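This structure is a prediction, so every number in the text was calculated from the model and none was measured.
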There are 2 protein chains.
Amino acid sequence: MASARDRVLDSFVAIVCEEGERPATLDAVAARAGVSKGGLLYHFGSKAALVEGLCERLTDLSALDIERMRAAEDGPARYFVENCQFVGSELDLALLAASRLQQAGYEEAGRTLDDTENAWLATLVEALGDVPTAQAVKLLGDGLYHAASLGAASDVRPDRASVDMAALLQVVDRLIATKPAP
Amino acid sequence: MASARDRVLDSFVAIVCEEGERPATLDAVAARAGVSKGGLLYHFGSKAALVEGLCERLTDLSALDIERMRAAEDGPARYFVENCQFVGSELDLALLAASRLQQAGYEEAGRTLDDTENAWLATLVEALGDVPTAQAVKLLGDGLYHAASLGAASDVRPDRASVDMAALLQVVDRLIATKPAP
DNA sequence: GTCTATAAGCTGATAGAC
DNA sequence: GTCTATCAGCTTATAGAC
């Protein structure tokens with residue numbers, strides 16, 4: 001079984017992703033992690049400390065993802081777009097939670113998100129060689145991520161249009177094929 | 001001077017956009033609108049009623065925008081992408097506020113957002129004739145909107161990469177030019 | 001390291017005067 | 001239509017026992 005500290009952070013992330021920032025009270029997080037509020041506050045002295053813990057986790061996970069992206073067989077652009085689908089990975093959850101917390105006013109979450117987004121963009125620019133094309137690919141991914149963040153919170157809406165990933169990747173290929181010579 | 005009811009709704013939207021959902025307390029909204037909490041509660045009987053008011057406003061504003069999009073000189077796709085930049089318009093504010101409230105757990109805001117997003121996508125599909133291309137354009141816009149929602153809350157970050165709109169519109173043109181024949 | 005008990009502050013909402 | 005006064009509930013955080 002994971003350490004109590006890890007379980008607390010997992011629970012915090014899970015509740016923020018499933019229900020939002022406001023329901024992620026110290027009481028609720030502690031209960032889900034199977035500790036008392038006092039026990040939680042031993043590991044994270046305040047709610048801001050929980051956010052800080054999430055930011056550290058996000059930084060680690062995104063650095064790992066950048067490495068995988070660089071080494072991806074089909075190239076970083078395809079890897080990036082494909083992985084902007086929400087599948088519930090640790091990185092997905094950390095990103096969604098950070099986004100929610102940023103929107104709830106926690107500035108550190110916003111800074112960490114900015115850093116990770118800049119790293120992704122830089123990797124795309126490096127791989128594609130053309131800045132506008134790289135920015136467009138980044139925006140496509142952000143768009144997917146935006147849709148995920150709308151969906152992951154509430155119940156799934158059957159009438160919400162879902163994206164055909166295979167077709168989208170072909171659009172990405174068109175974008176790369178028509179990019180101006182450097 | 002606008003009616004008290006409008007001033008209350010304006011204040012609610014403004015605080016949600018500038019500081020987030022949690023700081024948008026009945027007290028804070030009333031103070032900004034220049035009425036007492038009791039005065040506010042006469043017009044909107046609960047916080048959920050404020051959200052409802054915003055949703056109605058968003059529905060009206062987005063219907064107006066769809067009309068403008070259909071009639072746009074450079075075509076709906078260019079109009080759409082250009083207008084996904086956050087410039088602080090009433091529609092921008094309503095969209096950002098709805099997104100924040102959706103992420104804070106207000107389901108009606110999520111439903112209204114879904115409706116407006118579906119309407120934009122349908123208009124793009126109708127104008128471009130190719131679904132994957134239309135979805136890609138929609139995602140580009142969502143990506144821009146995502147960047148705006150990260151920026152509009154906290155202070156402006158000078159190191160955050162900004163998008164070159166002229167270059168992005170050229171990418172959109174490439175996308176449209178290479179779309180498969182119907 | 002983890003618990004219980006408690007303090008102190010804030011928030012949404014009601015009741016009733018004007 | 002708008003105000004003041006007030007309450008009940010929740011949330012963060014502290015203090016101190018085990």
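- Comparing atom distances between the A:Val35 side chain and each of D:dT12, C:dC3, D:dT4 picks out C:dC3 as nearest.
- With respect to the salt-bridge test (charged N to carboxylate O, under 4.0 angstrom), the residues B:Glu52 and B:Arg57 do not qualify.
- The separation between B:Leu26 atom CG and D:dC3 atom C1' is 16 Å, rounded to whole Å.
- Nearest to the side-chain atoms of A:Lys37 among the listed nucleotides C:dG12, D:dA13, C:dA13 stands D:dA13.
- A:Lys138 and A:Glu117 are joined by a salt bridge, as a carboxylate oxygen and a charged side-chain nitrogen come within less than 4.0 angstrom of each other.
- Place A:Ser36 and A:Arg22 on DNA chain C by their nearest nucleotides, and A:Ser36 ends up nearer the 5' end.
- The side chain of B:Lys47 approaches C:dG12 more closely than any other nucleotide in the set D:dT12, C:dG12, D:dT2.
- Under the 4.0 Å criterion applied to side-chain N and carboxylate O atoms, A:Glu73 and A:Arg78 are not assigned as salt-bridge partners.
- Of the candidates D:dG1, D:dA13, C:dA13, the closest approach to any side-chain atom of B:Ser46 belongs to C:dA13.
- Mapping A:Pro23 and A:Gly45 onto DNA chain D by nearest heavy atom places A:Pro23 closer to the 5' end of the strand.
- Between the P atom of D:dT11 and the CG atom of A:Leu40 lies a distance of 14 Å, rounded to the nearest Å.
- The separation between B:His43 atom NE2 and D:dC3 atom P is 9 Å, rounded to whole Å.
- Applying the 4.0 Å criterion to OP1 and OP2 of C:dT2, one finds that A:Tyr42 has every side-chain N and O outside that range.
- Set against D:dT14, D:dT12, C:dT11, the side chain of B:Thr25 has C:dT11 as its closest nucleotide.
- Using a 4.0 Å heavy-atom distance criterion, B:Leu41 is classed as a base contact.
- As rounded to whole Å, 11 Å separates atom C1' of D:dT2 from atom CZ of B:Arg7.
- B:Leu64 and B:Leu54 are not part of a single hydrophobic cluster, where members link through side-chain heavy atoms under 4.5 Å apart.
- Rounded to a whole Å, the CD atom of A:Glu19 is 11 Å from the P atom of D:dT11.
- A salt bridge links B:Glu18 with B:Arg32: the closest approach of a Lys/Arg side-chain nitrogen to an acidic carboxylate oxygen falls below 4.0 angstrom.
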